[in-house]
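To keep things clear, I will list the structure first and then write my remarks on it.
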Number of protein chains: 2
Amino acid sequence: MPETTKKHATIKDIAKKLGVSTSTVSRALSDSWEIKKETRDLVLKAAAELNYHPNPMAIGLVTKKSHTIGLCVPELVHSFFPKIITGMQRALSEAGYTILITTSDESYETERKNLLLLKQNLVDGILISTTSESHRNAALYDEILGSGTPIVFFNRVCSKINAPKVIIDDTKMAHMAVEHLIRQGYGKIVHMAGPRDLDLTKLRMEGFLSAMKEFGRTVDESSVIDTGMFIDDGAREMEKLIRSGAKPDAIFAFNDPVAIGAMKTAKKFGLEIPRDIAFVGFSESKSALIVEPALTSVAQPLSQMGEVAAKCILDKINGRAETYPATVVLEAALNVRESSVRIR
Amino acid sequence: MPETTKKHATIKDIAKKLGVSTSTVSRALSDSWEIKKETRDLVLKAAAELNYHPNPMAIGLVTKKSHTIGLCVPELVHSFFPKIITGMQRALSEAGYTILITTSDESYETERKNLLLLKQNLVDGILISTTSESHRNAALYDEILGSGTPIVFFNRVCSKINAPKVIIDDTKMAHMAVEHLIRQGYGKIVHMAGPRDLDLTKLRMEGFLSAMKEFGRTVDESSVIDTGMFIDDGAREMEKLIRSGAKPDAIFAFNDPVAIGAMKTAKKFGLEIPRDIAFVGFSESKSALIVEPALTSVAQPLSQMGEVAAKCILDKINGRAETYPATVVLEAALNVRESSVRIR
DNA sequence: AACGTTCCCGGGAACGTTTCCGTTGATTTA
DNA sequence: TAAATCAACGGAAACGTTCCCGGGAACGTT
């Protein structure tokens, strides 16, 4: 009978084969200083021969580290977060960490469940982009933080929590976008703002307002209209706008979907873009290039954002948190395209 | 001094508090039959009071199950797989399983690394949609299967491996799409095929060919052209086609991006869609609705596919594999839109 | 009345690893 | 040369569970 295929070779098997103790093997594998070079090589060779792979659960049980970090994002289907995740995975897998992904579906209750799940699964740290109602879970964030699990916020942050945050300067970029519209000579500019309770909404609106103010534009209650964050929301609000006879000359939308939805309606009503009305989105998506005319938008360094957030959480976990400031602000870019360029 | 906040309450803490043995507590928590109802309630109450949560690592160490299933997809940024993942998460989290996501970036080497990583992390099962060169890892699939870890393929499968697969009938749907074009009265129909080494490419091409044959259309080497799977690929091939003076009347593309890229080029050259040329895509994406005119495409039940694949792997893990056939074929739908409807 | 059952429960090994503590022989120091 | 340091290793506890084995009541069964 051939050597029965034992499920997995353990440290003991190596020890037995070499006639040494498990401690020695462990030390050799972890490259401890208190090990002779020759025995270490011997162990390494035997480990390779036996096709040894350490059991992460056993390690986790004694070290109380899972080498897993939990991720909580609102959704996955818009390719926004997936791009961020790509960056995270690069940084984390390099460091030997693995990601546990959960989606909150824009519901703070699901987010709460997910966070508790992550805690129970003993993740070493949590990366989170909150739902629009982040304040509702603020207490939970604090509780988790208090229990010793580090948290890093990215993109959508909870401002009142004292934890590292990785973001772009939304206000500045919004300002820049609106300034672009103004310089292009568009008259009445309307801001389609996002969900009320999202921090991002406030920040981008601030940018809108500051740009309007800087250039002496008047702002009244009709300058900003509440919208959601999806295509349908933009389409609906645009229709209302047009039907009310208050067609603006330009729209600065909370994000690309809203802008695209609004564009769709505008075209349906026979408006020509950008002659009759201009559009600027935010958080550039692939759709910005597919839609016609191509949509001007603020491009975020998504993959980099993921990478930075990941490195940040690793530093937190490994106690090198001092090297990071509380908030990292990344550089974004305004990509100007046909949807907002005045034809001369 | 107040009760020092011990990191986590364990089963021993409960046992000590109640003056029973750990075995009893364990039995109570796992709802064993050999436990008195009253003591079980006592344990449950104490557990709640102590805010007890079982340590998954300790459990995994002894039961040799991680309650984690590994996922390996080619990419995440096209919202195709994220939609599938959403379905998976629903089914898996419901069953108390957690999901470990890896992306292979269309590289079979990365896929190989990921699979090995998953194995080392002792996942209970693996869900995979392969890279275009799946045959290169066929031996690895078999090895993993042989080592006792079940695998379920979905969407992109490796045909030579004997494992459950969850797919749609690509050939049938391709046939249907092409039939639609023919019935609309389009003359010269060209198929922009996907990557040569992808199973899906062959299947969809078969559907194209069978439909052409069924309706007595002639097929020569100019009827099928190799493309990649991205927007640029479609754009490039379309340009070649037009410049060569061989403008077809309709294009059946391997997928939506290729169709959209081709559409873009067609419009650039002044062709009107669908009058001068019609387009049909595959694997409906959001972009199909954003592009103008809206793109006819085959919609796959993505979330359902994820759910079915997840349930399948759970059945495999729990030894109820007999309830499933080797291959599950889901129903897809051809969504006809303006891009392929002949104007009368 | 002796004997099997059934019902509950405790003791303790086992899972695979890290790590503390101790030991030994060799080397250096006073 | 005795004492102290050091390099390299073994022994064993610990991490938090599950689960097998065994045992003592309480309950029927012949």
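Convention: sequence-line order gives letters A, B, ...; per-chain numbering from 1.
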Ion pair present between B:Glu49 and B:Lys45, side-chain N to carboxylate O less than 4.0 angstrom?
-> yes

Does A:Asn137 reach the main-chain N or O of A:Tyr108 with its side chain, forming a donor-acceptor pair under 3.5 Å?
-> yes

Check: A:Ser107 side chain, A:Glu109 main-chain N or O, donor-acceptor pair, under 3.5 Å = yes

Pairs satisfying ring pair (Phe, Tyr, Trp, His ring centres under 6.0 Å), at least one member in residues 127-149 of chain B, at least two apart | B:Tyr141-B:Phe153

Rounding to a whole Å, what distance do you find between A:Lys65:NZ and D:dG16:C1'?
-> 18 Å

Starting at atom CG of B:Asp13, determine the distance to atom P of D:dG16, rounded to an integer number of angstrom.
-> 8 Å

Only residue of B:Leu127, B:Ile161, B:Ile126 satisfying side-chain contact (heavy atoms from CB on, under 4.5 Å) with B:Ile151 is B:Ile126

Could you write nucleotides 19-27 of chain C as a row of B, S and -, 5' to 3', where a protein heavy atom under 4.0 Å of any base atom gives B, of only sugar-phosphate atoms gives S, and otherwise -?
-> BB-------

Under 4.0 Å: is that the gap between some side-chain N or O of B:Ser21 and OP1 or OP2 of C:dG10?
-> yes

Is any side-chain N of the basic residue among B:Asp13 and B:Lys17 closer than 4.0 Å to the acidic one's carboxylate O?
-> no

Measure the distance from CD1 on B:Ile59 to C1' on D:dT17 and round it to the nearest whole Å.
-> 7 Å

Could you pull out all residues at least two apart from B:Arg112 that satisfy salt bridge (charged side-chain N to carboxylate O under 4.0 Å, His left out)?
-> none

With sequence neighbours left out, the residues meeting side-chain contact (heavy atoms from CB on, under 4.5 Å) with B:Thr68 are B:Ser66, B:Thr98, B:Leu100, B:Val123

Enumerate the residues from residues 35-45 of chain B whose closest heavy atom to DNA chain D is under 4.0 Å, giving them by residue number; use none for an empty result.
-> none

When B:Ala58 and A:Val25 are each assigned the nearest nucleotide of DNA chain C, the 5'-most assignment goes to B:Ala58

Given atom CH2 of B:Trp33 and atom P of C:dT6, what is their separation to the nearest angstrom?
-> 10 Å

Is A:Asp315 paired with A:Lys311 through a side-chain N to carboxylate O contact shorter than 4.0 Å?
-> no

Between atom CE in A:Met57 and atom P in C:dC15, what is the gap in whole Å?
-> 16 Å

May I have the distance from B:Leu18 (atom CG) to C:dC8 (atom P), rounded to whole angstrom?
-> 17 Å

side-chain hydrogen bond (donor to acceptor under 3.5 Å, both in side chains) pairs, two or more places apart, involving residues 150-164 of chain B = B:Glu106-B:Arg156, B:Ser129-B:Asn155, B:Ser159-B:Asp199

Using a cut-off of strictly less than 4.0 Å between a heavy atom of the residue and any atom of DNA chain D, enumerate the qualifying residues of residues 46-55 of chain B by number.
-> B:Tyr52, B:His53, B:Pro54, B:Asn55

Partner residues of A:Ser30 under the side-chain hydrogen bond (donor to acceptor under 3.5 Å, both in side chains) criterion, sequence neighbours left out = none

Could you tell me whether B:Lys64 contacts a base, only the sugar-phosphate backbone, or nothing, with contacts defined as non-hydrogen atoms closer than 4.0 Å?
-> sugar-phosphate

Can you list every pair that meets salt bridge (Lys or Arg N to Asp or Glu O under 4.0 Å) and has a residue in residues 59-83 of chain B, with sequence neighbours left out?
-> none

Using Watson-Crick or G-U wobble pairs with both distances under 3.5 Å, give me DNA chain D in dot-bracket, 5' to 3', with [ ] for crossers and | for pairs to another strand.
-> ||||||||||||||||||||||||||||||

Would you mind listing every salt bridge (Lys or Arg N to Asp or Glu O under 4.0 Å) that reaches into residues 134-151 of chain B, with sequence neighbours excluded?
-> B:Glu133-B:Arg136

Could you pull out all residues at least two apart from A:Phe81 that satisfy ring-ring contact (aromatic ring centres under 6.0 Å, His included)?
-> none

Quickly work out the A:His67 NE2 to C:dT18 P distance and round it to whole Å.
-> 11 Å

Between NZ of B:Lys16 and P of C:dG11 the distance, given in whole Å, is 13 Å

